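Notes to accompany the following structure.
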Amino acid sequence: MNLLLAAALVLMSAIAVGIYLVFLGLRQRKRSPGLGLTHAGLALSGIIVLFTEIFIGPTDKLNNVAALFLFFAIVGGGMVFALHEKNRPPSMAAVTAHAIMGLFGISLLIINLLFY
């Protein structure tokens, strides 16, 4: 299986869990640490697969830029996790910044997968 495709699939599953987490935070005003860890684990697994592709595959600048934005999303997710208050959903401004970086990175990855 193509490592780029595997990374995209794992990252898209992390997006699906992240969307559900946003739904929990906005609609039900609660958080789920287990789902948050699942989201983080899926995202880290996808990024590890992407970095494996970057290091052993051919040189591709779009993959590198996607990895940079996904790294920024990791840093943003770490900040969301570090600054959360107990029994309250995280700040939606921080979650939005984290999501924008992640979605931009995965979009670049999918564009590279489909068109190059």
Side-chain angles (χ1 to χ4, degrees):
M1 176 183 246
N2 184 359
L3 284 178
L4 199 57
L5 177 62
L9 290 174
V10 173
L11 288 168
M12 283 189 278
S13 62
I15 289 171
V17 175
I19 289 170
Y20 184 67
L21 283 169
V22 168
F23 171 76
L24 284 177
L26 287 176
R27 297 281 185 222
Q28 298 179 4
R29 298 282 185 209
K30 65 179 184 177
R31 62 188 200 97
S32 175
L35 279 178
L37 288 175
T38 302
H39 171 70
L42 285 169
L44 286 174
S45 298
I47 291 173
I48 289 170
V49 173
L50 177 59
F51 274 108
T52 303
E53 169 66 22
I54 288 171
F55 288 123
I56 68 170
T59 302
D60 192 346
K61 292 181 184 177
L62 204 54
N63 285 348
N64 295 345
V65 175
L68 178 67
F69 277 100
L70 290 170
F71 178 76
F72 290 152
I74 287 176
V75 172
M79 295 300 290
V80 168
F81 177 74
L83 298 176
H84 79 278
E85 296 178 25
K86 196 155 190 106
N87 297 325
R88 293 188 60 202
S91 164
M92 284 300 134
V95 170
T96 302
H98 162 71
I100 288 171
M101 292 294 179
L103 288 174
F104 193 71
I106 189 69
S107 297
L108 290 175
L109 194 63
I110 292 171
I111 288 169
N112 193 21
L113 185 64
L114 293 177
F115 298 113
Y116 296 104

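Positions are given from 1, in the same order as the sequence printed here. In this text, all values refer to a predicted model and were calculated from it rather than measured experimentally.
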Those residues at least two apart in sequence (or on a different chain) that pass ring-ring contact (aromatic ring centres under 6.0 Å, His included) with Phe69 are Phe104

Could you give the distance from CG (Leu26) to CG (Leu21), rounded to the nearest 0.5 Å?
11.0 Å

Gap between atom CG of Leu4 and atom CG of Asn63 - 0.5 Å precision:
5.0 Å

Starting from Ile111, can I reach Met101 by hopping between I/L/V/M/F/W/Y residues whose side chains sit under 4.5 Å apart?
yes

State, yes or no, whether a side-chain contact exists between Leu50 and Val10 at a heavy-atom distance under 4.5 Å.
no

Side chain to side chain, Leu11 and Ile15, heavy atoms closer than 4.5 Å:
no

Side-chain contact, heavy-atom cut-off 4.5 Å: Ile74 with Leu70?
no

Examine Val75 and Ile100 and state if one hydrophobic cluster contains both, with Ile, Leu, Val, Met, Phe, Trp and Tyr joined whenever side-chain heavy atoms are less than 4.5 Å apart.
no

Looking only at heavy atoms, what is the nearest atom pair of Leu24 and Ser32, with distance?
CD1-CB, 4.0 Å

Roughly how far apart are Phe51 CZ and Leu44 CG, rounded to 0.5 Å?
10.5 Å

Residue pair Val49 / Ala6: nearest heavy atoms and the distance that separates them
CG1-CB, 4.2 Å

How close do Gly46 and Ala7 get, heavy atom to heavy atom, and via which atoms?
O-CB, 3.6 Å

So which heavy atom on Gly105 is nearest to which on Ala66, and how close?
O-CB, 3.4 Å

Within one Ile-Leu-Val-Met-Phe-Trp-Tyr cluster: Leu35 and Met92, side-chain cutoff 4.5 Å
no

Can you get from Ile106 to Phe115 by hopping between Ile, Leu, Val, Met, Phe, Trp and Tyr side chains that sit under 4.5 Å apart?
yes

Give the minimum heavy-atom separation between Val17 and His39, together with the two atoms involved.
CG1-CB, 3.8 Å

Rounded to the nearest 0.5 Å, how far apart are CE of Met12 and CG of Leu109?
8.5 Å

Is there any side chain to side chain donor-acceptor pair (under 3.5 Å) pair reaching into residues 96-107, and which pairs are they, with sequence neighbours excluded?
none

CD1 (Ile54) and OG1 (Thr59) are apart, to the nearest 0.5 Å, by 10.0 Å

Indicate if Leu62 and Leu114 have the same hydrophobic cluster label, given that clusters are the connected sets of ILVMFWY residues with side-chain heavy-atom separations under 4.5 angstrom.
yes

Where do Ala14 and Ala43 come nearest, in terms of heavy atoms and distance?
CB-N, 3.7 Å

I need the Lys61 NZ to Leu68 CG distance, nearest 0.5 Å.
14.5 Å

